[in-house]
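Note that the coordinates shown come from a computational prediction; the quantities given were computed from them, not determined experimentally.
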Amino acid sequence: MASKLYYAVAPLVLVLLLLAPLSSARLAAAAADDDDGQWPAGGGRGRKVGGRTDVEDVEGNREVQELGLFCVVEHNRRGGSATRGRGLVFSRVVAAQTQVVSGIKYYLRIAAQEADDELVFDAVVVVKAWVPSREMVSFVPAAELPGY
């Protein structure tokens with residue numbers, strides 16, 4: 001019985017092994033034909049692997065706003081506010097970028113209230129959705145330079 005199965009499966013495996021290099025060569029040729037010079041080969045669409053990407057519609061992005069709130073709460077929990085009583089009060093995330101690492105690293109520019117002043121902070125958060133976890137890596141006053 002086993003020998004009959006061997007004789008039935010062996011030719012199929014042999015054919016697949018012989019055709020595999022041809023199909024990968026065809027895929028490579030098709031990708032090269034599709035390349036019009038405007039984008040990098042492989043369809044990277046101009047993105048640098050591991051580079052930062054701006055988040056569109058930051059103020060309307062619920063996930064980014066929740067991460068900003070998380071950063072302010074975490075900053076207050078760690079005792080990082082100058083005003084020990086109330087701490088910072090989250091206002092909004094005004095700018096954000098993402099970077100694919102072991103998870104997604106968010107670079108956030110956060111507006112927060114302290115007493116009667118609105119202050120701006122730069123925060124970095126790493127989100128690992130498969131764990132699930134999020135870790136605030138840094139939370140510092142924003143640099144005076146415009147842009148992010």
| request: Indicate whether any N or O donor in one side chain lies under 3.5 Å from an N or O acceptor in the other, for Gln99 and Tyr107. | output: yes
| query | Partners of Val100 by side-chain contact (heavy atoms from CB on, under 4.5 Å), sequence neighbours excluded? | reply | none
| said: Just so I know, are the side chains of Leu67 and Leu108 near enough to count as touching, which here means a heavy-atom distance under 4.5 Å? | reply: yes
| query | For Phe70, which residues count as a ring-ring contact (aromatic ring centres under 6.0 Å, His included) partner, sequence neighbours excluded? | reply | none
| request: Cation-pi check, Arg109 to Phe121: give yes when NZ or CZ is under 6.0 Å from the six-membered ring centre and within 45° of the ring axis, no otherwise. | output: no
| Short question: side chain of Asn76, backbone of Leu88 - any donor-acceptor pair under 3.5 Å? | yes
| task | Start with the C-alpha gap between Gln97 and Thr53, add the side-chain angles, then the distance that decides, and say whether side chain to side chain contact (heavy atoms under 4.5 Å, CB included) holds. | result | CA-CA 5 Å; Gln97 295 178 326; Thr53 304; over 6 Å; no
| Mind checking whether Val127 and Tyr106 have side chains closer than 4.5 Å, heavy atoms only? | yes
| message | Show, in sequence, the C-alpha distance, side-chain angles and deciding distance for Val137 and Val126, and conclude whether the side chain to side chain contact (heavy atoms under 4.5 Å, CB included) test is met. | response | CA-CA 7 Å; Val137 178; Val126 176; 3.8 Å; yes
| message | According to a hydrophobic-cluster definition based on side-chain heavy atoms being under 4.5 Å apart (Ile, Leu, Val, Met, Phe, Trp, Tyr only), do Val73 and Phe90 belong together? | response | yes
| message | Any non-hydrogen side-chain atom of Ile110 less than 4.5 Å from a side-chain atom of Val120? | response | no
| note | Contacts of Glu74 meeting salt bridge (charged side-chain N to carboxylate O under 4.0 Å, His left out) (sequence neighbours excluded), chain-then-number -> Arg77, Arg78
| query | When clusters are formed by joining ILVMFWY residues with side-chain heavy atoms under 4.5 Å apart, either directly or through shared neighbours, do Met136 and Val89 land in the same one? | reply | no
| remark: In terms of heavy-atom contacts, Phe139 and Ala123 come closest through CD1-CB, 3.7 Å
| message | Main chain of Val93, side chain of Gln65: is a donor-acceptor contact present, judged purely on distance under 3.5 Å? | response | yes
| note | CZ of Arg134 to SG of Cys71, rounded to nearest 0.5 Å, is 8.5 Å
| said: Going by side-chain contact (heavy atoms from CB on, under 4.5 Å), name the residues that satisfy it together with Val140, two or more places apart in sequence or in a different chain. | reply: Asp122
| All salt bridge (charged side-chain N to carboxylate O under 4.0 Å, His left out) counterparts of Arg92, not counting sequence neighbours | Glu59, Glu118
| remark: side chain to side chain donor-acceptor pair (under 3.5 Å) filter on Asn61, not counting sequence neighbours, yields none
| query | In terms of hydrophobic clustering (I, L, V, M, F, W, Y; side-chain heavy atoms under 4.5 Å; direct or indirect links), are Val72 and Val94 co-clustered? | reply | no
| field | Taking every non-hydrogen atom, the tightest pair across Ala96 and Val64 | value | CB-CG1, 3.8 Å
